[in-house]
Amino acid sequence: MTARISAPPVPAPPFSADHSPAHVRAAPSHPDPYPYYGRLARERPFFRDEANGWWVAASAAAVTEVLTSAICLTRPLSEPIPAALQGGAAAEIFGRLVRLRDDEARGRLKEAVTNAVRGLDLGEVAALAHRRAAELDDELGPRLDEATTTQFMFALPMQVIALLLGIPRERFGDVMGWLAAYGTAAASAGTGIPAMTPDLLRSGHHGAQALLDLASAVGSADAQRGPLFQALLREATRLGCDDERDVIANALGYMVQGFAGMASLIGLTLLALARRPELLRQVEADRTYLRPLIQEVARCDTVTSSTFRFMARDGRIAGHNLRQGDLIIVLLAAANRDPALNPEPDRFDIARKEPKSLEFGAGRHACPADKVAALIVEIAVGHLLTRGVPLERLEAGLSYAASGHVRTPLFKR
Ligand code: HEM
């Protein structure tokens, strides 16, 4: 049987007449999608959006069922790599990332990717992040305004991962541009947001090729590899993942995966503080509150608002009959507002007892980097607070990046 989905559906207009998002892919860039998400989690746990041609999993139970189902894959079987990317370097990264594969060889590779991240010495990562934050102060200049805050929140996390891989500092500017170009082309090919253009595709392939060349050079020089690259290579060899191109692509995958997520969580945490003066006073007085604060922001203002899966074959999910190739949008942000996951889920409370969150996913594709990502975000937010980040001005210049799945605040004057 042929798959029903081969190209990303074209999204309808983003907001409805009552100002709620018109569909789930318009929600991540909406100013306040949470009443909408909450309604879906409680009232429409799993449904078909006929207008857009996709299914939506919104309750914690439905989201967990999809993420842990063996017949829900990260790509349609008929199109493991989006047609738009075929034939260029972007396909070489996309098709090898553990995030976007469900083939058999991927299992061992994921284990290697996970072991390498989980084996990182968090004390060493923290020291590196503090040092790099101080260097960035010099590079970005003494004035911390809305624009430099945004630059810092993107630069620090990406550069810490780059240092852990062994990428030289003088390439950081290029790497940032290449990651953005590859990421935009991959998102466009996979979700239709932003719309694909020949320029966007060309720069995505160019960025991908430059990243592959750089990672190959770093990976083949013993003295240059950083601890994360070293560990990935060691684990991949130990587990019998013998295709060097898989290792190179997944070393880059650490940056591809972490880049927007950590930047977004830094920005969303700053906004949470800007909106809650009492909490800000608490954190100013005692920085140990930052950790539970970041955890609560990740639950309440979820960065990876949604992910997606495709049916490997006809089958039943959440009591519905789905067809091979059907697309399911998996609303992590809605599930985090489901009262079945946490009592009073709409209350922002950093003292919440044993909070449960699907921010980092679940099942075989769950994020291996939850601890290290939260640590880098904590150091970044702490550093920005010490530098006097203009919290009171962030809201006025706030917009959210165009994305069907990730909620990224951007600040400007
Ligand atoms: C705040 C930052 C981050 C957030 C919110 C986040 C969230 C997620 C989520 C929700 C998934 C699962 C996606 C799915 O099931 O479709 C995921 C997967 C993944 N993340 Fe993260 N992540 C973050 C940072 C990072 C960082 C820093 C790294 C690397 C150092 C990383 C590496 C990965 C990898 C390799 C996967 C793919 C796992 C797989 O498919 O088996 N993430 N992440």
Side-chain angles (χ1 to χ4, degrees), residues 28 57 63-64 66-69 72-75 93-94 96-103 105-120 122 125 129 153-154 156-165 179 190-191 226-229 231-232 235 246-247 249-269 294-295 297-299 301-310 327-333 335-336 357-381 403 405-408:
V63 163
T64 307
V66 174
L67 293 181
T68 53
S69 164
C72 296
L73 309 181
T74 55
R75 289 294 306 157
I93 297 183
F94 193 104
R96 291 182 181 279
L97 292 178
V98 290
R99 160 81 183 76
L100 295 160
R101 283 168 66 171
D102 290 284
D103 58 308
R106 176 236 177 237
R108 278 170 291 142
L109 199 55
K110 166 73 185 276
E111 203 181 330
V113 165
T114 302
N115 291 350
V117 181
R118 298 250 163 95
L120 283 170
L122 292 183
V125 175
M153 79 195 206
F154 278 95
L156 183 73
M158 180 243 117
Q159 296 182 0
V160 172
I161 303 294
L163 286 169
L164 290 168
L165 290 172
L179 281 172
T191 69
L228 183 56
F229 211 142
L232 177 61
E235 285 300 303
D246 277 341
V247 176
N250 282 283
L252 290 169
Y254 290 132
M255 287 193 295
V256 170
Q257 290 292 143
F259 175 45
M262 289 189 287
S264 308
L265 188 51
I266 294 168
L268 295 170
T269 304
I294 289 165
Q295 194 177 24
V297 171
R299 186 189 70 80
D301 204 2
T302 307
V303 167
T304 313
S305 299
S306 56
T307 183
F308 43 87
R309 293 292 187 269
F310 298 86
L327 166 61
I328 308 169
I329 311 260
V330 187
L331 293 185
L332 305 176
N336 284 340
S357 172
L358 286 155
E359 164 71 351
F360 289 97
R364 66 186 182 284
H365 284 282
C367 184
D370 49 348
K371 291 210 167 40
V372 75
L375 173 68
I376 296 170
V377 169
E378 184 181 331
I379 289 167
V381 174
S403 168
H405 296 278
V406 181
R407 184 160 174 81
T408 305

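Order of appearance sets the numbers: ligands from 1, and atoms from 1 within every ligand.
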So which atom in A335 and which in L358 form the shortest heavy-atom distance, rounded to 0.1 Å? CB-CD1, 3.6 Å
How would you list, by chain and number, every residue that makes a side chain to side chain contact (heavy atoms under 4.5 Å, CB included) with Q257, sequence neighbours excluded? R99
Using the rule side-chain hydrogen bond (donor to acceptor under 3.5 Å, both in side chains), only one of T307, D102, T68 pairs with H365; which is it? D102
Would you indicate whether the side-chain heavy atoms of R309 and L67 approach each other to under 4.5 Å? yes
Which atoms form the tightest heavy-atom contact between S264 and T408, and what is the distance? OG-OG1, 2.9 Å
Of all the atoms in ligand 1, which lie at a distance below 4.0 Å from a heavy atom belonging to L332? 10 (C)
Within-4.5 Å side-chain heavy-atom neighbours: V330 and F308: no
Where A373 and M262 come nearest, the two heavy atoms and their spacing: CA-SD, 3.8 Å
Minimum heavy-atom separation for P157 to A263, with atom names? CG-N, 4.2 Å
Counting only heavy atoms, which portion of H365 has something under 4.0 Å from ligand 1: side chain, backbone, both, or neither? both
Take atom 21 (Fe) of ligand 1 and tell me which protein N, O or S atoms are nearer than 2.8 Å. C367 SG
Quick check: Y254 and ligand 1, any N/O pair under 3.5 Å apart? no
Side-chain contact, heavy-atom cut-off 4.5 Å: L265 with T269? yes
List the atom of H405, the atom of S306, and the distance in Å for their closest heavy-atom pair. ND1-OG, 2.7 Å
Note: ligand 1 atoms sitting under 4.0 Å from heavy atoms of R364 are 41 (O)
What heavy-atom pair brings R101 and T74 nearest, and what distance separates the two atoms? N-OG1, 3.4 Å
Below 4.0 angstrom from a heavy atom of L265, which ligand 1 atoms are there? Numbered from 1 as shown, please. 1 (C)
If you measure from each non-hydrogen atom of R106 to ligand 1, which part falls under 4.0 Å: side chain, backbone, both or neither? side chain
Note: E359, heavy atoms under 4.0 Å from ligand 1, region reported as both
Looking at R309, which atoms of ligand 1 are within less than 4.0 Å of one of its heavy atoms? 14 (C), 15 (O), 16 (O)
Counting from 1 in the order shown, the ligand 1 atoms closer than 4.0 Å to a non-hydrogen atom of V98 are 40 (O)
With heavy atoms under 4.0 Å as the rule, classify the contact between A366 and ligand 1 as side chain, backbone, both or neither. backbone
Nitrogen or oxygen atoms of T307 and ligand 1 under 3.5 Å apart: yes
